[in-house]
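Below: one structure, written as structure tokens.
The figures here come from the full heavy-atom set of this structure, side chains too, leaving out hydrogens, waters and symmetry mates. Lettering of chains follows the sequences in order, A, B, ..., and the numbering in each one begins at 1. Keep in mind that what you see is a predicted model, and the values were worked out from it rather than measured.
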Number of protein chains: 2
Amino acid sequence: MKIDDLDKKILYLLSKDSRLSMRELAKRVHLSSPSVTERVRRLESEGVLKGYTIEIDYKKLGFDVECFIEVTVRNGQYIKFNNFINEYPFVEFCYRIAGKTCYIVKLRLKKIADIEHFINSVNSFASTETYVVISKNETKSDYLELEELI
Amino acid sequence: MKIDDLDKKILYLLSKDSRLSMRELAKRVHLSSPSVTERVRRLESEGVLKGYTIEIDYKKLGFDVECFIEVTVRNGQYIKFNNFINEYPFVEFCYRIAGKTCYIVKLRLKKIADIEHFINSVNSFASTETYVVISKNETKSDYLELEELI
DNA sequence: GTTGAAAGACACCATCC
DNA sequence: GGATGGTGTCTTTCAAC
């Protein structure tokens with residue numbers, strides 16, 4: 001699929017406010033609304049635009065703790081781990097990685113003590129290395145390479 | 001701020017489709033639309049609902065590589081690293097962590113070779129440990145503790 | 001918290017360049 | 001590929017309860 005600068009700008013604007021109407025979006029990219037609507041529908045059907053969602057402040061919901069846990073599975077018990085991580089709540093993400101460990105997991109929890117439950121749960125088939133989040137850095141995240149377009 | 005089950009359900013529904021109209025949202029939570037609108041405005045102004053955004057498939061934009069990089073800053077050159085990570089493109093996130101290393105960074109890149117540029121750039125003031133993502137696991141991410149509500 | 005009404009915004013379609 | 005104009009629907013908002 002060919003994605004031009006206009007598509008990228010549409011993605012950028014929707015990433016900043018996904019509730020923008022096609023009309024308003026059209027204004028901002030200096031296009032007519034049928035054209036913009038068609039581009040958005042195409043981005044959706046091609047799967048580039050996977051979905052419309054919100055950003056939630058989990059701290060305000062009582063989840064004050066974030067941590068990364070590196071998991072090293074023992075004795076090839078990957079299926080066991082996959083089943084476990086699929087069901088465990090409060091997992092923001094889990095990636096299979098190439099490197100010193102097998103998986104990197106991020107959890108959002110209400111309190112530090114909740115880390116223990118996770119670690120104890122995997123302990124019979126995997127070892128862990130925990131990193132508690134202190135703060136988050138500001139980053140640019142310029143995936144759309146839009147710097148010069150806006 | 002008091003957040004009840006209805007608020008959580010609203011957050012859940014908006015996280016699945018942030019373009020839902022207040023009318024449609026009202027239907028789904030069995031409330032009138034003025035009530036839902038008021039709740040959404042409250043969630044916004046309290047900062048629980050931080051913003052409306054989209055999910056983008058970066059692979060379809062040519063970013064085929066994801067990796068985690070643990071960064072250990074040498075000789076207390078934290079300001080240098082903070083300035084660097086603030087400007088470097090393609091950083092999905094960067095967290096200051098308590099544990100064996102100083103920071104954990106996630107990058108999204110077009111090709112494996114692009115990792116080298118990042119590593120070389122920080123090498124004068126920090127050491128790195130790289131993990132290339134192989135796959136992503138499915139997870140529940142049940143932060144809203146909604147299992148019984150839906 | 002609800003209902004109902006009114007004004008406005010919206011998406012959609014046909015048509016055209 | 002893109003623009004314009006008309007139509008009917010949807011939506012928000014407000015007042016009254």
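The 12-atom threshold is exceeded at CD of A/Glu24, counting heavy atoms of other residues, nucleotides or ligands nearer than 6.0 Å.
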Output a table of donor-acceptor pairs, distance under 3.5 Å, between side-chain atoms of residues 120-136 of chain A and any protein atom two or more places apart or on a different chain; print 'none' if there are none.
unit_1   : atom_1 : unit_2   : atom_2 : d
A/Ser121 : OG     : A/His117 : O      : 2.6
A/Tyr131 : OH     : A/Glu70  : OE2    : 3.4

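We find that B/Glu38 and B/Arg41 are not joined by a salt bridge, their nearest charged nitrogen and carboxylate oxygen being 4.0 Å or further apart. Between B/Lys2 and B/Glu46 no salt bridge is recorded (no basic side-chain N to carboxylate O distance below 4.0 Å).
Using the six-membered ring where Trp is involved, B/Phe93 and B/Phe68 have ring planes that are tilted, between 30° and 60° apart.
Using modelled atom types, one finds no donor on one side chain facing an acceptor on the other under 3.5 Å when comparing A/Asn86 with B/Asn137. Donor-acceptor pairing under 3.5 Å is recorded for the side chains of A/Asn82 and A/Tyr103.
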Tabulate atom names and distances for all N/O pairs under 3.5 angstrom spanning the protein and nucleotides 2-6 of chain D.
unit_1 : atom_1 : unit_2  : atom_2 : d
D/dG2  : OP1    : A/Arg39 : NE     : 3.2
D/dG2  : OP1    : A/Arg39 : NH2    : 2.5
D/dA3  : OP2    : A/Ser32 : N      : 2.8
D/dA3  : OP2    : A/Ser32 : OG     : 2.8
D/dA3  : OP2    : A/Ser35 : OG     : 3.0

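For the segment residues 18-27 of chain A, the set of residues with a heavy atom within less than 4.0 Å of an atom of DNA chain C comprises A/Ser21, A/Met22, A/Arg23, in numerical order.
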